[in-house]
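First the structure, in the form of structure tokens, and then the observations on it.
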Amino acid sequence: MNNVSKKVILSLAIMATLGLVSCKNETKQETETTIEVSKTMANAVVSFGVRGNCGMCKSTIEKAANKVEGVANAVWDVEKKKIDITLNDSKTDAILIHNAIAASGYDTDKVLGSKITYNSLPDCCKYKHDMVMSQSGDMKAEDHSNHDH
């Protein structure tokens, strides 16, 4: 082969390689962007009131919410009587979470807690059924330091 043919073949091989590498990177970038957008669109944050008294209540309420498929994170504020939940709204909705918390014995602002389960709660967890929920945080939770939790 002459020198010109070698240069043509080498140039074609380099261009083909660059073309394949460039296409592969663009495809990967598109896939990553699509996954990131999907995650962003699927996550929502909901907040609502839940009655309870202490750290033991907090544990039970958060555990009940976190067991619902699609819930990424649940945090109940003892003082405010409010839960903040991050969820995948394509897998669950707020009413399913209300029902799960109510089944564990705690009233939410939409669903009353199970009376049977409420009656089996420890005495320190038996809240007043007229307790205000979703407070601003000005009121303090009852002191349960003398209980063994």
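Residue indices begin at 1 and follow the sequence shown.
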* Kindly give the heavy-atom pair with the smallest separation between Val78 and Cys54, and that separation in Å. =>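 Here Val78 and Cys54 meet closest at CG2-O, 4.1 Å.
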* **Contact summary for Met56 and Cys124, nearest pair of heavy atoms** =>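 Nearest heavy atoms, Met56 then Cys124: CE-SG, 4.3 Å.
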* Asked: Got a second to check how far His129's NE2 is from Lys115's NZ, nearest 0.5 Å?
  ->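 It comes to 8.0 Å.
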* **Separation between CD1 of Ile85 and NE2 of His98, rounded to the nearest 0.5 Å** =>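 Separation between the atoms: 7.5 Å.
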Are the side chain of [X] and the backbone N or O of [Y] linked by a donor-acceptor pair below 3.5 Å?
{"X": "Lys126", "Y": "Asn119", "value": "yes"}
{"X": "Ser104", "Y": "Ile101", "value": "yes"}
{"X": "Asp89", "Y": "Ala44", "value": "no"}
{"X": "Thr117", "Y": "Gly113", "value": "no"}
{"X": "Lys81", "Y": "Gly52", "value": "yes"}
{"X": "Tyr118", "Y": "Cys125", "value": "no"}
{"X": "Arg51", "Y": "Met131", "value": "yes"}
{"X": "Trp76", "Y": "Val50", "value": "yes"}
{"X": "Asn88", "Y": "Asn43", "value": "no"}
{"X": "Tyr127", "Y": "Asp107", "value": "yes"}

List the atom pairs, with distances to 0.1 Å, where a side-chain N or O of residues 64-74 and a protein N or O form a donor-acceptor pair under 3.5 Å, not counting sequence neighbours.
residue	atom	partner	partner atom	Å
Asn66	OD1	Ala74	N	3.3
Asn66	ND2	Glu62	O	3.0

* To do: For the residue pair Tyr106 and Leu121, establish whether any side-chain heavy-atom pair is separated by less than 4.5 Å.
  =>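 In short, these two side chains touch, coming nearer than 4.5 Å.
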* Asked: Under 4.5 Å between any side-chain heavy atoms of Leu87 and Ile97, yes or no?
  ->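 Touching, per the 4.5 Å side-chain cut-off.
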* Leu96 with Val46, same ILVMFWY side-chain cluster at under 4.5 Å ->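 Yes; tracing contacts between hydrophobic side chains, which count when under 4.5 Å, links both residues.
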* Asked: Take atom NZ in Lys58; do more than 12 heavy atoms of anything else shown fall under 6.0 Å from it?
  ->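 Enclosed: over 12 neighbouring heavy atoms sit under 6.0 Å from NZ of Lys58.
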